[in-house]
Amino acid sequence: MKDVILGLVGVGRIGVMHANNIAALNGVLNPGGINVRLRLTDVAEDHARTVAAGLGAEFLPSVEALLSSGLDGLVIATGTATHPELIKAGVDAGIPVFCEKPVALNVADAVSVLDYVRDNNGVVQIGHQRRFDAGYLEARRAFQAGELGWIHSLRAVTCDMAPPPVEFLASSGGLFRDCSVHDFDILRWLTGREIVEVYARGSNNGDPAIGEVGDVDTALALVTFDDGTVGTVSATRYNGAGHDVRLEIQGSRRSLMVGLDDKTAIASAEPGVGFPAGEPHKTFAERFDQAYRSEMEAFVELILGRRENPCTPEDAVAASRVADAAQESLATGVPVRVAQKVAS
Ligand SMILES: NC(=O)c1ccc[n+]([C@@H]2O[C@H](COP(=O)([O-])OP(=O)(O)OC[C@H]3O[C@@H](n4cnc5c(N)ncnc54)[C@H](O)[C@@H]3O)[C@@H](O)[C@H]2O)c1
């Protein structure tokens, strides 16, 4: 039986989830039952020791110690500002890297990472987990198989129940870069087309502190694709009914909605309709539990050479360029063309 040793940097909000998912992969990958072993580090040492102990993983005191311990792959789940240096360190160590989105705090820095990865033959998977969600996968399959006909409209929705701390919002880059970037990624991935123009509007009717740090609590972008197809991408921090992530794909032949099930956080206004009957999701971790597991499994498969890279840094930067255009449109009030160049 083969061992795959993963090193994880950062066991905060999302890193703990990845740590659990990696630990759960042990012995379940087929064919051949792969042993997946986890080593981890975090600057918050005590917390990291506790996480490691709880999962039977090994704690290492620094990124350097982790990288020199003989890893098969590096998983980066630290804050965005540290991603470029850690991606480069993983590439220098000659191992595949999984890094949470986004590649960097801004597109200019991200492009220098793309160049570095390309020049050093690095393999880097970026964490756009929706690409592994069963509903989005089915919508893409159906569209590619021609079952929907041609798409006339797309409506993507990402709603948090409540805002994260204002300190986080102050350094998040804005609602489109933080939340809607997942929708921009999935729209490119699903349609196979580029978004060429964005026209955005936003509002602040919740906590005034969000406006004071330069963000909006709710926003909507009208996006235009390179074949003229139009769609909308909306997001809010105040969806009290639950965490609501959906995509409506309306085709000339058939229409589909991703995220429409008994846990959808919206009720029918029609008398007598009991759907959806379940309890809505409360967090992104709940909504995308299966997708986060599948994404980590895919990374191990990538390390083993069993699959193509499911989300390249070039893909991630292309989505970030759309998010940048949306933020600029929000600030200027006019439609903004999306820069198409993905690397220098
Ligand atoms: N794909 C998604 O759905 C999704 C969801 C949430 C967050 N994210 C991304 O994940 C990343 C982390 O977000 P989070 O909310 O988990 O942040 P967090 O602040 O909760 O956790 C980050 C952790 O990294 C540690 N850390 C920071 N710098 C370090 C370093 N140099 N060496 C070792 N440890 C270090 C911190 O101590 C902390 O424990 C962000 O880039 C964010 O954009 C992605």
Side-chain angles (χ1 to χ4, degrees), residues 7-21 39-52 59-67 69 74-90 97-106 109-110 113 124-133 136 158-161 163-165 167-186 189 235 237 243 245 259 281-296 298-299 310-311 313 315-317 319-320 323:
L8 169 65
V9 196
V11 282
R13 208 165 48 133
I14 203 154
V16 166
M17 188 169 64
H18 287 318
N20 279 291
N21 291 345
R39 296 177 184 154
L40 59 84
T41 191
D42 192 300
V43 287
E45 266 202 45
D46 290 347
H47 168 64
R49 278 183 198 280
T50 308
V51 173
F59 167 79
L60 286 152
S62 65
V63 175
E64 295 69 33
L66 190 69
L67 283 171
S69 72
L74 178 70
V75 177
I76 301 167
T78 49
T80 302
T82 62
H83 291 180
E85 286 319 306
L86 289 170
I87 291 174
K88 289 177 186 171
V97 175
F98 172 93
C99 183
E100 259 312 330
K101 65 87 198 165
V103 172
L105 281 174
N106 59 60
D109 287 353
V113 176
V124 180
Q125 177 184 337
I126 303 298
H128 277 295
Q129 83 284 353
R130 290 188 192 180
R131 291 177 176 225
F132 299 90
D133 174 77
Y136 285 108
T158 295
C159 301
D160 282 338
M161 276 188 84
E167 306 75 63
F168 171 84
L169 293 178
S171 61
S172 72
L175 190 59
F176 287 121
R177 287 196 188 95
D178 184 43
C179 285
S180 304
V181 70
H182 288 287
D183 293 303
F184 297 138
D185 175 63
I186 222 70
W189 171 83
R237 303 290 190 185
H243 186 78
V245 176
H281 295 291
K282 296 204 161 26
T283 63
F284 62 83
E286 275 178 39
R287 169 68 177 85
F288 289 110
D289 179 55
Q290 166 265 317
Y292 288 118
R293 291 172 189 274
S294 301
E295 150 182 274
M296 210 37 72
F299 181 52
C311 185
D315 288 329
V317 172
S320 290

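Positions are given from 1, in the same order as the sequence printed here. All ligand and atom numbering here is 1-based and tracks the order in the structure.
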task = Answer side chain, backbone, both or neither: which part of R13 comes under 4.0 Å from ligand 1, heavy atoms only.
result = both
query = Can you find an N/O atom of T82 closer than 3.5 Å to an N/O atom of ligand 1?
reply = no
task = Among all protein heavy atoms, pick out the one at the shortest distance from atom 44 (C) of ligand 1; state its residue, atom name and that distance to 0.1 Å.
result = E100 OE1, 3.1 Å
ask   = Measuring to protein heavy atoms, does anything land under 4.0 Å from atom 32 (N) of ligand 1?
value = yes
inquiry  = I need the contact type for V9 against ligand 1. Using non-hydrogen atoms and a strict under-4.0 Å cut-off, is it side chain, backbone, both or neither?
reply    = side chain
message = One residue to check: H128. Relative to ligand 1, which of side chain, backbone, both or neither has a non-hydrogen atom less than 4.0 Å away?
response = neither
Proximity to ligand 1 by part of H47, non-hydrogen separation under 4.0 Å = neither
task = Give the residue, atom name and distance (to 0.1 Å) of the protein heavy atom nearest atom 11 (C) of ligand 1.
result = T78 O, 3.2 Å
request  = Answer yes when R131 and D315 have at least one side-chain N-carboxylate O distance shorter than 4.0 Å, and no when they do not.
outcome  = yes
request  = Report yes if some N/O of V43 lies less than 3.5 Å from some N/O of ligand 1; otherwise report no.
outcome  = yes
message = List ligand 1 atoms under 4.0 Å from H83, heavy atoms only on the residue side.
response = 41 (O)
query = Counting only heavy atoms, which portion of F288 has something under 4.0 Å from ligand 1: side chain, backbone, both, or neither?
reply = neither
request  = Could you tell me the separation between the CD1 atom of I14 and the CD atom of Q129, rounded to the nearest 0.5 Å?
outcome  = 6.5 Å
ask   = What residue and heavy atom of the protein are closest to atom 37 (O) of ligand 1, and at what distance?
value = D42 OD1, 2.6 Å
remark   = Short version for Y292: what comes under 4.0 Å of ligand 1, heavy atoms counted, is side chain
message = I14 versus ligand 1: do any nitrogen or oxygen atoms come within less than 3.5 Å of each other?
response = yes
query = Does ligand 1 have an atom that lies less than 4.0 angstrom from a heavy atom of P102?
reply = yes
inquiry  = Does ligand 1 come near enough to T41 that some N or O of the ligand is less than 3.5 Å from an N or O of the residue?
reply    = no
